[in-house]
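What follows is a short report on a single structure.
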Amino acid sequence: MERRKFRLKGILLYSLLFLVACLIIFIPFYSRSLSTVWEIDGVGQYYPAFLYIGQYIRDFLSTGKFASFDLRIAMGEDVFSALNYYGLGDPLNIIAVFSNKSNGVALFSFMFFLRLYLAGLAFILYAKYMKLNEKLIPYGAFVYICSGYTFCACMMYIQFLSPLIFFPLLLLACEKFFKERKWLLMVIVGAYASLCTMYLFYYAALFLVPYALIRTWFIHSDKAVAKKIISMVLDCAMCALAAIIGIVVTFPVLYPSLKGMLISERAGGDIAKILLSPTNYRPRRHNTIQFIKGFLPTYDDGVFFFHEIPVIAYIAVILLFVSFFVFKNKTNRNKQLIIAVIVGCLLYTMPITNIVFSGFVEGFSYDRWIFMLEFVFAIVFIQVAEDLIELKAVNKERAYNLTGLAAIANVIIIGFILYEFAGADFRNAFIKNDEVGKYVDSPVNYSETSNDSLTNINGRPENVQMINDYYGLTFWLSVVNPNMQKIADKLPILNSQGFVDQRMFGLENSKVRESLAGVKYYLRHDNENFPDSYVLKEKVDFYGEEWEIYENPDVLPLCFAYEKNFYNNDFEKAYYDEDEEVIKKAVKAENVTYSDDLITCNINLDKDSVVLLSIPYSDGWSVTIDDTPVKVYNSSIYYIAVDAIKGSHTIRYSYSAYR
């Protein structure tokens with residue numbers, strides 16, 4: 001009973017300090033009415049995804065069905081493949097069901113602070129199980145959750161907070177299994193982590209390997225070497241099996257998201273070559289210097305700075321080494337911490353670490369895994385503080401309180417300085433609360449085109465169409481259909497700028513490409529250029545600015561066809577050379593309808609033809625012509641294609657994420 005009271009007291013202390021710290025650290029935001037929506041990826045990706053997820057859950061609650069495919073995402077995309085990276089599947093995002101454009105900003109900010117708070121609680125649960133000093137655990141939680149990773153990376157990419165929550169829980173589940181043979185927690189946490197996002201779960205799973213090896217080596221320290229190794233292998237294998245069971249439980253969400261990840265450009269190259277390259281294992285001077293100065297709260301022209309760790313944690317690490325090597329304080333716990341720190345710091349300096357953590361994609365420099373090293377430093381802080389206080393302090397209670405206050409003051413100062421002074425540019429990169437609306441709203445909502453179905457609309461910021469109920473061409477997604485990426489890569493202007501990965505900003509106002517993509521309307525602002533043949537339909541007032549809506553008179557429906565001889569010999573050249581004759585030669589389908597994962601149309605062909613659907617090809621599609629299954633293939637412009645013989649046909653396109 002006494003232990004339960006003390007545990008509750010520690011959580012209450014942490015909760016109170018968390019509230020105080022947030023009130024102080026984020027003064028630069030409150031005082032300027034800034035939201036937590038970053039003006040780049042925040043408003044372009046994470047915030048629209050958050051609103052979409054809320055609507056997606058509401059649709060499920062009203063219909064009882066999850067749609068697998070949505071034309072409103074990019075040029076038509078698998079829902080879970082595209083949005084699992086942004087938290088579609090994350091149990092915490094059930095709160096998004098209450099979001100709308102009116103309260104979305106407030107709820108989005110709430111989710112940031114909720115996740116940050118829960119990350120600290122997860123740390124506390126692990127630390128208590130490991131029997132660390134309960135008076136210092138709440139302060140250690142702040143060392144873990146208050147760093148450059150959270151103040152910068154997680155502010156830009158809110159979903160990056162998810163692994164801060166499930167990582168300590170995964171370690172706790174390992175301990176439960178190693179010590180008590182209780183496997184249920186690992187199953188549950190494995191399922192939770194894979195639901196949050198497989199991309200970030202991959203990071204945590206990699207760290208579990210050295211963690212499990214270090215822990216099982218010391219847990220079985222009383223055994224002979226041979227028996228110890230056997231016990232280690234069995235423990236790690238059985239623990240991994242429990243995690244795999246949890247992952248398998250999430251298969252309906254996991255499969256499409258994992259499939260999308262593996263076929264996207266985020267999947268790596270030659271794994272064997274990368275692993276066997278000696279240069280990837282040589283510590284780099286730049287990484288080492290960056291790590292050494294990592295306690296400084298800096299912001300350098302938008303460059304990611306995930307590595308800032310509270311200076312009090314650095315001091316604790318230095319004292320750990322002094323205690324261990326000078327004063328010979330070689331307890332088993334200190335031995336494990338020394339190994340963890342050395343391994344972690346060494347990994348930070350080697351290129352192989354970022355390559356592996358980036359899915360074996362060379363060239364990535366993101367140290368998004370740094371929170372795991374920060375976790376180790378937080379544990380070191382608690383252990384070293386306890387050792388010093390118990391060794392020297394006369395009034396131990398006062399010493400514990402002063403140490404805790406020093407830790408809290410350290411993280412508050414780092415956060416406040418970052419946002420108010422050193423990070424002034426970073427602070428100004430967030431949108432004001434009352435201005436977010438115009439970024440996620442659309443002039444379409446103020447026009448007569450709102451209910452015009454099955455049409456693409458060009459000319460607004462990326463991803464805005466998926467929360468405004470129309471189909472568009474602009475997108476920016478971290479995981480995209482590779483054929484959609486190929487379409488973007490073929491655009492000469494953007495491709496020449498080298499800035500087309502994972503994104504598209506329309507089809508460069510090419511009448512041929514836009515007509516074949518089904519672009520019926522173009523939204524024009526500030527005298528932007530567009531094809532001359534487009535006809536002005538209406539003008540609308542959008543947040544005090546005038547927008548013009550132009551109509552494309554030559555637009556094709558989603559489904560159209562070309563006679564085989566023309567398709568095989570002239571179609572691709574005419575398309576990329578922007579020959580408008582290619583529009584005139586198309587045979588238009590009629591009665592095109594779209595509902596969830598099904599598209600149907602009727603078409604009358606005078607000759608044997610190739611029928612195209614203006615959606616990037618993927619193997620999730622199956623097609624029937626007059627109820628007879630036909631082969632689906634990738635067209636020369638990366639659209640879905642089928643062969644059809646002369647005559648009138650009814651064509652049905654159905655999508656499943658599990659093909």
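Basis for what follows: all heavy atoms, side chains included, without hydrogens, waters or symmetry-related copies.
With a 4.5 Å cut-off on side-chain heavy atoms, P48 and Y439 do not count as touching. Side-chain contact check for L523 versus F542: every heavy-atom pair is 4.5 Å or farther apart. Side-chain atoms of V555 and V519, non-hydrogen and from C-beta on, never get closer than 4.5 Å to each other. Residues L92 and M111 meet the side-chain proximity criterion, which asks for heavy atoms closer than 4.5 Å. Annotation: side chain of Q159 is in contact with side chain of R115 (closest heavy-atom distance under 4.5 Å). Within the 4.5 Å cutoff, the side chain of V623 has no heavy atoms near those of the L613 side chain. Here the side chains of N602 and S648 are not in contact, with every heavy-atom distance at 4.5 Å or above. When side chains are defined from C-beta on, Y47 does not count as touching S35, because their heavy atoms never get closer than 4.5 Å.
At most 12 non-hydrogen atoms from other residues, nucleotides or ligands lie less than 6.0 angstrom from CG of D606. More than 12 heavy-atom neighbours from other residues, nucleotides or ligands sit within 6.0 angstrom of NZ on K101.
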**OP:** Show your working on side-chain contact (heavy atoms from CB on, under 4.5 Å) between L536 and E548 and close with a plain yes or no.
**Re:** CA-CA 7 Å; L536 178 64; E548 298 171 332; 3.8 Å; yes
**OP:** Starting from the C-alpha separation in whole Å, work towards a yes-or-no answer on side-chain contact (heavy atoms from CB on, under 4.5 Å) for E462 and R503.
**Re:** CA-CA 8 Å; E462 58 274 3; R503 69 198 70 182; over 6 Å; no
**OP:** Walk me through it: do R72 and D469 pass the test salt bridge (charged side-chain N to carboxylate O under 4.0 Å, His left out)?
**Re:** CA-CA 7 Å; R72 295 173 299 174; D469 202 25; 3.5 Å; yes
Subject >> N468 vs V444, side-chain contact (heavy atoms from CB on, under 4.5 Å): CA-CA, chis, key distance, verdict >> reply: CA-CA 8 Å; N468 285 287; V444 175; over 6 Å; no
Original post:
Could you walk me through whether K607 and K646 pass the side-chain contact (heavy atoms from CB on, under 4.5 Å) check?
Top reply: CA-CA 5 Å; K607 297 180 179 180; K646 175 182 176 181; 5.5 Å; no
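Distance check, rounded to the nearest 0.5 Å: CD1 of I94 to CD1 of I53 gives 10.5 Å. From L71, atom CG reaches atom CD1 of I599 across 5.0 Å, with rounding to the nearest 0.5 Å. Atoms CD1 and CD, from I603 and E590 in turn, are 9.0 Å apart once rounded to the nearest 0.5 Å. Taking CG of L195 as the reference point, atom CZ of F166 lies at 10.5 Å (rounded to 0.5 Å). Taken from OG in S614 to CE in M75, the straight-line distance is 7.0 Å, to the nearest 0.5 Å. Atom CD1 of residue I583 and atom OH of residue Y575 lie 10.5 Å apart, to the nearest 0.5 angstrom.
With hydrogens and angles ignored, the 3.5 Å screen pairs a side-chain donor or acceptor of D626 with a backbone N or O of T650. Using modelled atom types, no side-chain atom of S515 and backbone atom of V512 make a donor-acceptor pair closer than 3.5 Å. No donor-acceptor pair closer than 3.5 Å links the side chain of D59 to the backbone N or O of F66. Formation of a donor-acceptor pair under 3.5 Å by the T250 side chain with backbone atoms of I247 is found in this model. Y86 places a side-chain N or O within donor-acceptor distance of the main-chain N or O of S478, the cut-off being under 3.5 Å. Judged purely by atom type and a 3.5 angstrom limit, R58 uses its side chain to pair as donor or acceptor with the backbone of V97. The backbone N or O of S102 sits less than 3.5 Å from a side-chain atom of N100, completing a donor-acceptor pair. Put simply, the side chain of D597 gets close to the backbone of F69: a donor and an acceptor are under 3.5 Å apart. With hydrogens and angles disregarded, a donor-acceptor distance shorter than 3.5 Å links the side chain of Q465 to the backbone of T474. A donor-acceptor pair under 3.5 Å links the side-chain atoms of Y56 to the main chain of A67, judged by distance alone.
Summarising the geometry of M504 relative to L473, their closest heavy-atom pair is SD-O, 3.6 Å, with the distance given to 0.1 Å. Across every non-hydrogen atom of A657 and Y255, the tightest pair is O-CE2, 3.3 Å. In plain terms, the two heavy atoms of P256 and F80 that are nearest each other are CG-CB, 3.8 Å. The shortest non-hydrogen separation linking G76 to I615 is O-CG2, 4.3 Å. The two residues L200 and P163 come nearest to each other via the heavy atoms CD1-CD, 3.7 Å. Of all heavy-atom pairs between P616 and Y639, the closest is N-CD2, 4.3 Å.
A tilted orientation is assigned to the rings of Y562 and F566, their planes being inclined by 30° to 60°. Relative orientation of the W547 and H525 rings is parallel, given thresholds of 30° and 60° on the angle between their planes.
A donor-acceptor contact closer than 3.5 angstrom links the side chains of S442 and Y470. D90 and S162 share a donor-acceptor pair across their side chains, judged by distance under 3.5 Å alone. For the residue pair E514 / N552, no side-chain donor-acceptor distance below 3.5 Å is found, with atom types taken as modelled.
Relative to the six-membered ring of Y521, K537 misses at least one condition, a distance below 6.0 Å or an angle of at most 45° to the axis.
Taking the centre of each ring, Y522 and Y550 stay at or above the 6.0 Å mark. Residues Y638 and Y617 place their aromatic rings such that the two centres sit no closer than 6.0 Å.
Salt-bridge formation is detected for the pair E578/R513: a Lys NZ or Arg NE/NH1/NH2 atom is positioned less than 4.0 Å from an Asp or Glu carboxylate oxygen.
Every residue meeting the salt bridge (charged side-chain N to carboxylate O under 4.0 Å, His left out) condition with D619, not counting sequence neighbours, appears here in chain and number order: K259.
The one candidate from Y46, W38, F430, F50 that meets the ring-ring contact (aromatic ring centres under 6.0 Å, His included) condition with F108 is F50.
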